[in-house]
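What follows is a short report on a single structure.
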Amino acid sequence: MDEFALIREFFSQHEAADSVATGVGDDCAVLLPPLGQGLLCSVDTVVAGRHFPAEARPELVASRALRTALSDLAAMGAEPLWFTLALTMPHVDVPWLELFSKGLYAVAESYGVKLVGGDTTKGPLCISVQVMGATPTGKALLRSGANVGDQLFVTGSLGDSVGGLQCLLGKLKTDEQSAHQLKKAYWKPEPRLSLGQQLRDKASACIDVSDGLLADLEHICKASGVCAVVDSARIPLSAALLASVPTRQALEWALTGGDDYQLCFTVSGDEAEKLKQAARNRLIDVSCIGEIIAGEGIIEASSRSPFQFKKAGFNHF
Ligand code: ADP
Ligand code: MG
């Protein structure tokens, strides 16, 4: 199977649509962004053996690559519209491609994004997904808007994905149900797209937690010129994680582990109180974990000093 047959067979399922005048097949895709909206784009690359186990099931690899890329759109409050795929692989493995393509389109379908182009090359297995989306002009959620007095929130629970990876690597043994849930957090993180969109008029700053809460929150603090006070006791930890490792370990993973793809955001005044109330009534899946004060960096609420965990976040170099 040559390159063009491969593209036709596995990556040409999305026909022209309202937002796509020309999709896969020409030199460029021709896209029709919603009138008067800002266009947001972001690209993420995953390398076999570095970001995921090389022998992993192809549908999971595809699912995770697209989900994690979409998380960046969620963090900005964007509506997802399109994506492109740059696929590098060592040889044409038709059964692998079938499963990969199926997994990719299933996730694309569930979030309403269209595959509109890409690139296909030979080399060590590597996948780049570029996502594009839109927000009303001026409404994108930035890292730089946090203000003194804002309350600090996160969605979902943190640390599960690291637990899942440890399970996959055979380094963590736990009960079957917990292992299933943790591995699901690793392979199928939920990009918090609708929540991100709901936050457009509420949050002052937002980021997705891809490198660990402390590392990502630090980006908000730097961009906004503020200090974050984080209460360890209020970090959301799942029952599955707490059933699998000691609380101290769960907390360390939640703070430094990464790959959670939850949102971390700041909200001011009345809006923050409303959000806390909705969270108490379990109407929204968020937790208030601290507040923003004047200063820089991140401190722990009880000790009023920096966290003692050695290495925060993932840094390639
Ligand atoms: P060019 O040489 O003009 O860059 P290519 O031969 O790389 O074009 O690709 C042909 C068409 O197929 C283009 O429309 C491109 O966007 C699309 N395409 C290539 N690889 C992929 C892929 N992995 N997934 C989706 N579309 C792809
Ligand atoms: Mg090309």
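Because the structure is predicted, anything quoted here is derived from the model rather than measured. Along the sequence shown, residues carry numbers from 1. Counting starts at 1 for both ligands and their atoms, in listed order.
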Practice task
Verify the neighbour count for atom CG of Asp18: are there more than 12 heavy atoms of other residues, nucleotides or ligands below 6.0 Å?
Solution key: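 Atom CG in Asp18 is not packed in, count stays at 12 or less.
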Problem - Whether over 12 other heavy atoms sit under 6.0 Å from Asn281 CG - result: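 Yes.
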Heavy atom to [atom], shortest distance: which of [options] holds it?
atom: atom 21 (C) of ligand 1; options: Val129, Asp119, Thr121; result: Asp119
atom: atom 27 (C) of ligand 1; options: Ser12, Ser128, Ala29, Gly118; result: Gly118
atom: atom 14 (O) of ligand 1; options: Leu85, Asp26, Asp27; result: Asp26
atom: atom 17 (C) of ligand 1; options: Val24, Ile127, Leu97; result: Val24

Practice task
Before signing off on this row, confirm whether Phe11 and ligand 1 have an N or O atom pair separated by under 3.5 Å.
Solution key: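 Looking only at distances, the answer is no, because the N/O contact criterion of under 3.5 Å is not met.
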Handout entry: ligand 1 to Leu87 polar contact by distance, N or O atoms, under 3.5 Å
Key =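 No; the residue has no nitrogen or oxygen that sits under 3.5 Å from a nitrogen or oxygen of the ligand.
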Would you mind running through ligand 1 and noting each atom that sits below 4.0 Å from a heavy atom of [X]?
X: Thr120; answer: 19 (C), 20 (N), 21 (C), 22 (C), 23 (N)
X: Glu3; answer: 6 (O)
X: Phe4; answer: 6 (O)
X: Gly117; answer: 16 (O), 24 (N), 25 (C), 26 (N), 27 (C)

Practice task
Flag the pair Asp259 and Arg64 as a salt bridge only when some basic side-chain nitrogen lies within less than 4.0 angstrom of an acidic carboxylate oxygen.
Solution key: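 Yes.
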Practice task
Not counting sequence neighbours, list each pair that qualifies as a salt bridge (Lys or Arg N to Asp or Glu O under 4.0 Å) and has a residue in residues 275-289.
Solution key: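 The answer is Arg192-Asp285, Glu273-Lys276.
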Handout entry: Side-chain heavy-atom pair Leu275, Val286 within 4.5 angstrom cut-off
Key =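 The answer is yes, as the side chains (C-beta and beyond) meet within the 4.5 Å cut-off.
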Exercise for the section: State, with a plain yes or no, whether a side-chain heavy atom of Pro191 is found less than 4.5 Å away from one of Tyr261. Expected result: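 Answer no - side chains too far apart.
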Problem - No-hydrogen, no-angle side-chain donor-acceptor test under 3.5 Å, Ser63 and Arg67 - result: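 Note: Ser63 and Arg67 side chains meet the donor-acceptor criterion.
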Handout entry: Those residues that, when tested against Phe11, pass ring-ring contact (aromatic ring centres under 6.0 Å, His included) (two or more places apart)
Key =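 Applying ring-ring contact (aromatic ring centres under 6.0 Å, His included) to Phe11 gives none.
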Practice task
Check whether any heavy atom of Phe10 sits under 4.0 Å from an atom of ligand 1.
Solution key: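 False for this residue.
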Practice task
Check Ile7 against ligand 1 and report side chain, backbone, both or neither, counting heavy atoms closer than 4.0 Å.
Solution key: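 Side chain only.
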